Amino acid sequence: QTLLALRLRNEGGAATGPLTLVPPPAFPWLAVASVQPLPSLPPGGEADITLRLSPDAALPLGRYEGSITVTAPGTATAVPFSFLALSTSV
C-alpha cells in the first residue's frame with residue numbers, strides 16, 4: 001500500500017460547493033483515502049487529498065494512466081494521472 005498526497009485547487013471565480021473524487025472503476029486498487037465529500041473551496045482555495053494505492057502482487061508491472069473525476073454540484077472535471085507499477089522484490 002502506498003499513500004499519495006496531492007493538492008486540489010479551485011482556479012475558478014466562484015466557490016465549488018462540496019466536492020467528491022471518483023476514481024476510475026478500471027483501477028480497483030486506487031481509492032480516495034480522504035474524507036468525502038470535501039468542503040467547498042473558495043476561488044483560489046486549496047485542499048490536500050490523499051490517494052491510497054493498494055495493488056495486489058499479481059498486478060502487471062508497467063504504466064497505468066487514467067483520470068479521477070472531481071464532481072461538484074452541476075459540474076465535473078477529469079484530473080489525469082499516470083502511475084508506474086514497479087517491483088520492490090530483490
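Quantities reported herein were computed from a predicted structural model and do not represent experimental measurements.
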Derivation and outcome, side-chain contact (heavy atoms from CB on, under 4.5 Å), residues Val79 and Ser67: CA-CA 5 Å; Val79 178; Ser67 60; 5.8 Å; no
Nearest-0.5 Å distance, [atom1] of residue [X] to [atom2] of residue [Y]:
| X | Y | atom1 | atom2 | result |
| --- | --- | --- | --- | --- |
| Arg52 | Leu4 | CZ | CG | 12.5 Å |
| Leu53 | Phe83 | CG | CZ | 5.0 Å |
| Asp48 | Ser34 | CG | OG | 8.5 Å |
| Arg63 | Leu84 | CZ | CG | 5.0 Å |

Enumerate the residue pairs fulfilling ring-ring contact (aromatic ring centres under 6.0 Å, His included) with a member in residues 31-52, sequence neighbours excluded, ordered by first and then second residue.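 Not a single pair qualifies under ring-ring contact (aromatic ring centres under 6.0 Å, His included).
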Residues 10-28, side-chain donor-acceptor partners within the protein, below 3.5 Å, at least two apart:
from, atom 1, to, atom 2, distance (Å)
Asn10, OD1, Gly12, N, 2.8
Asn10, ND2, Ala14, O, 2.8
Asn10, ND2, Leu41, O, 3.0
Asn10, ND2, Pro42, O, 3.3
Thr16, OG1, Leu41, N, 2.9

Could you tell me whether the side chain of Leu30 reaches within less than 4.5 Å of the side chain of Tyr64, counting heavy atoms only?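 No; the side chains remain at least 4.5 Å from each other.
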| said: Please give me the minimum heavy-atom distance between Arg9 and Gly44, naming the atom from each residue. | reply: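 Answer, listing the atom of Arg9 first, then Gly44: NH1-O, 3.3 Å.
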Give every donor-acceptor pair under 3.5 Å between a side-chain atom in residues 55-62 and any protein atom, sequence neighbours left out.
from, atom 1, to, atom 2, distance (Å)
Asp56, OD1, Ala58, N, 2.9
Asp56, OD1, Leu59, N, 3.2

* Asked: Would Thr77 and Thr69 count as a side-chain contact (heavy atoms from CB on, under 4.5 Å) if you check the C-alpha gap in whole Å, the side-chain angles of each, and the deciding distance to 0.1 Å?
  -> CA-CA 6 Å; Thr77 190; Thr69 302; over 6 Å; no
